[in-house]
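In what follows, a single structure is set out as structure tokens and then discussed.
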Amino acid sequence: MSQPPLLKQRRLKKRAEFLAVAGKGAKAPMPGLVMQLMPRADDAPFRVGFTVTKKVGNAVVRNRTKRRLREAVRLGLDTEAYRGFDMVVIGRDRTAARPFTDLMADVRRAAAKARQAATPADAGKSGSAT
């Protein structure tokens with residue numbers, strides 16, 4: 001059974017949204033990408049934005065890189081686990097040529113690492129003091 005596509009209304013598109021995540025979010029660099037993750041104050045579905053700089057290559061290469069990143073996030077992440085977060089995925093020069101299975105592993109590791117850094121250590125712990 002295939003995963004549904006990432007909904008366009010759940011995308012970050014404005015520069016201010018990208019800058020907010022870059023300024024306040026946790027950063028997780030991996031060989032194939034850099035992920036930035038910022039918790040929001042609500043419990044709305046997660047939003048994601050993709051970006052690739054011109055240093056990576058021409059428009060064809062940048063667009064291919066973004067398509068690969070979108071698919072890796074779609075297949076590699078449980079979007080429900082990231083409710084209340086904004087995510088920015090930045091493509092690197094190695095993203096376009098990286099084997100797709102490695103790229104998906106990078107997405108999973110980066111998301112886990114960024115979430116751990118973005119979430120306070122005592123958040124989510126329940127129970128009473130003993």
TODO: Using atom types as modelled and distance alone, determine if a side-chain donor or acceptor of Arg68 lies under 3.5 Å from a backbone N or O of Arg98.
DONE: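 Yes; judged by distance alone, with no hydrogens or angles, the pair exists.
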Can you tell me how far the [atom1] atom of [X] sits from the [atom2] atom of [Y], to the nearest 0.5 Å?
X: Arg47; Y: Arg10; atom1: CZ; atom2: CZ; result: 11.5 Å
X: Arg70; Y: Lys66; atom1: CZ; atom2: NZ; result: 7.5 Å
X: Thr79; Y: Phe85; atom1: OG1; atom2: CZ; result: 13.0 Å
X: Arg64; Y: Leu69; atom1: CZ; atom2: CG; result: 12.5 Å
X: Leu19; Y: Lys24; atom1: CG; atom2: NZ; result: 11.0 Å
X: Leu103; Y: Thr65; atom1: CG; atom2: OG1; result: 9.5 Å

TODO: Would you sort out whether Arg74 and Glu71 count as a salt bridge (charged side-chain N to carboxylate O under 4.0 Å, His left out), showing the intermediate values?
DONE: CA-CA 5 Å; Arg74 185 180 75 86; Glu71 190 67 4; 2.5 Å; yes
What I'd like to find out is whether the side chain of [X] reaches to under 4.5 Å of the side chain of [Y], using heavy atoms alone.
X: Asp106; Y: Pro31; result: yes
X: Val48; Y: Phe50; result: yes
X: Asn63; Y: Arg67; result: yes

- [ ] Applying side-chain contact (heavy atoms from CB on, under 4.5 Å) between Pro29 and each of Met35, Gln36, Lys113, report the one that passes.
- [x] Lys113
Could you tell me which non-hydrogen atom of [X] sits nearest to which non-hydrogen atom of [Y], and how far apart they are?
X: Ala26; Y: Ala114; answer: CB-O, 3.4 Å
X: Leu37; Y: Tyr82; answer: CD2-CE2, 4.0 Å
X: Phe46; Y: Val73; answer: CZ-CG1, 4.4 Å

TODO: Please list, chain by chain and in numerical order, all residues satisfying side chain to side chain donor-acceptor pair (under 3.5 Å) with Arg40, sequence neighbours excluded.
DONE: Asp42, Asp86
Side-chain donor/acceptor pairs under 3.5 Å, residues 87-97, sequence neighbours excluded:
from	atom 1	to	atom 2	distance (Å)
Arg92	NH1	Met30	O	2.8
Thr95	OG1	Gly32	O	2.3
Thr95	OG1	Arg92	N	2.8
Thr95	OG1	Arg92	O	3.1

